[in-house]
**Student:** 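I am attaching a structure below and will ask some questions about it afterwards.
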Amino acid sequence: MKFEKIEPPKTGEKIAIKNGKAFIPDNPIIPFIEGDGIGPDIWKVTKKVIDAAVERAYNGKKKIAWMQIHAGLSALKKYGNDNILPEETLDAIRKHKIAIKGPLTTPVGGFDYVCLVCAKEQDGIDGKRPEKCIKCGSEYITKRFRSLNVGLRQILDLYACIRPVRWYNGVPSPVKQPEKLNVIVFRENTEDVYAGIEFQEGTPDAKKIISFLINVMEKKVREDSGIGIKPISITGSKRLVRKAIEHAIQQNLPSVTLVHKGNIMKFTEGAFRDWGYELAKEEYGEKIITEQELWDEFDGNMPTGKILVKDRIADQMFQQVLLRPDEYSVIATPNLNGDYLSDACAAQVGGLGLAPGANIGDEIALFEATHGTAPKYTGLDKVNPSSLILSGVMMLKYMGWNESAEMIETALEKTISNKTVTYDLERQMSGATKLKTSEFGDKIIENM
Ligand code: NAP
């Protein structure tokens, strides 16, 4: 397949998928999206750190052939016409199977246009597109759009959002024993209230649905309501829980916890829990034990070699990860719970600047920084690149290049515990040295 505006690297091979397993050549082509705002700053450093680790870990035998693809501001510059998620970007990811991205601007809503340089949302002038941004003066203004991040996940069917959350020695934390939290959140990515089925208050569609609910279904709904729909399916729930259990098996982890709000939303959240248990028993019956069985048959003593499958109600889980974090390992949960919970966990161990993430489907994996574009810091070489670097670490582990992944993790931890950090950590540590994004990356490489 020939691309129109993407320049493929001169060397490099495609990653192949056989029987659902990825085969990684020594010089795989990996597409990357720099991202908007601080994206280019943190991407430059991330690439340098990954390349240095791979070079050192394999003495030059392995090397990633990076291929830039475009979304957000870089796509608008390259493709024009409000084309901020070009079809060939999606094709490149489909074809190469593994990709990595920086953050992308997402309008909150209510305005007709958004500036992709400073993220300022604004209305048209006399019904026309503003020529220049009213805040930063840039010409890169595009029509309001739905989240590109959500779009990428949905179009590519990346149904599992995976966020490992652990503490790195030296990172300032608001809790007393941050080292006790070491979880990996598997958040369902395609359903729930994020499915995009929403109707604005007062519109004919909202009125139609409200009338149906009141008159046909005999439900009570206020006439002046906006409506959102929360679909949760057997398919979506089971494939997510399967990914979580597979991960626990592969990594030898002790438990998988299904987090839901089934006490209130029985046929969506409660069903997620029931289908999760059903799948665990049907497909992994020999390898797992439920909490019920643990108490009924083993008097609470965990038999060796089994994974404990348990469930917790979402509100109670927020308490659990603060008070008894070491009782949790893999967490599987619907979309909205997962969104809240992964940020709350990340806050315990140093905040979003350090939290990595990935969106994974059956064949494709897209690794990404979990924070946003922090537009006020664009181009200042200031922010913490750790989230994207650690997403790179996740990517290397996914590729089976564990030696290089561990090299980065160890060096990053050493850099932070030496108190050589970016502004966000420096302001929370006493006696720390404040480094620029690029200097922090160089220190990590020095510490490898
Ligand atoms: P944000 O970009 O995450 O930034 C909020 C604050 O978090 C920053 O002002 C900064 O705090 C801190 N921060 C974020 N990244 C950091 C880093 N790498 N190092 C150090 N500190 C960091 O959130 P936002 O301002 O709400 O969102 C801006 C835009 O990003 C919006 O368009 C939003 O929709 C989008 N967004 C994209 C993604 C994504 O692409 N995955 C995710 C979330 C948001 P201080 O001000 O305290 O220094």
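All ligand and atom numbering here is 1-based and tracks the order in the structure. Side chains are part of it too, since the values below use all heavy atoms of this structure and drop only hydrogens, waters and symmetry mates.
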**Student:** Check this for me - ligand 1, Ala374, N or O atoms closer than 3.5 angstrom, yes or no?
**Tutor:** yes
**Student:** Does any N or O of ligand 1 fall below 3.5 Å from an N or O anywhere on Pro103, backbone included?
**Tutor:** no
**Student:** With atom 37 (C) of ligand 1 as the reference point, say which of Leu425, Thr373, Leu104 has the nearest heavy atom.
**Tutor:** Leu104
**Student:** Measuring from the heavy atoms of Thr370, does anything fall under 4.0 Å of ligand 1?
**Tutor:** yes
**Student:** Would you list the pairs meeting ring pair (Phe, Tyr, Trp, His ring centres under 6.0 Å) in which at least one residue belongs to residues 62-100, sequence neighbours left out?
**Tutor:** Trp43-Trp66
**Student:** Could you measure the distance from the NZ atom of Lys419 to the CG atom of Leu425? Nearest 0.5 Å is fine.
**Tutor:** 12.0 Å
**Student:** Considering both backbone and side-chain atoms of Tyr377, is one of its nitrogen or oxygen atoms within less than 3.5 Å of a nitrogen or oxygen in ligand 1?
**Tutor:** yes
**Student:** Report the part of Asn384 (side chain from C-beta onward, or backbone N, CA, C, O) that has a heavy atom under 4.0 Å from ligand 1; answer both or neither where that applies.
**Tutor:** both
**Student:** Can you tell me which residue pairs pass the ring pair (Phe, Tyr, Trp, His ring centres under 6.0 Å) test with a partner in residues 402-429, sequence neighbours excluded?
**Tutor:** Tyr377-Tyr423
**Student:** Any non-hydrogen atom of Lys376 lying under 4.0 Å from ligand 1?
**Tutor:** yes
**Student:** Which option wins on minimum heavy-atom distance to atom 44 (C) of ligand 1: Gly372, Gly357, Pro385, Pro375?
**Tutor:** Gly372
**Student:** Does ligand 1 have an atom that lies less than 4.0 angstrom from a heavy atom of Glu121?
**Tutor:** no
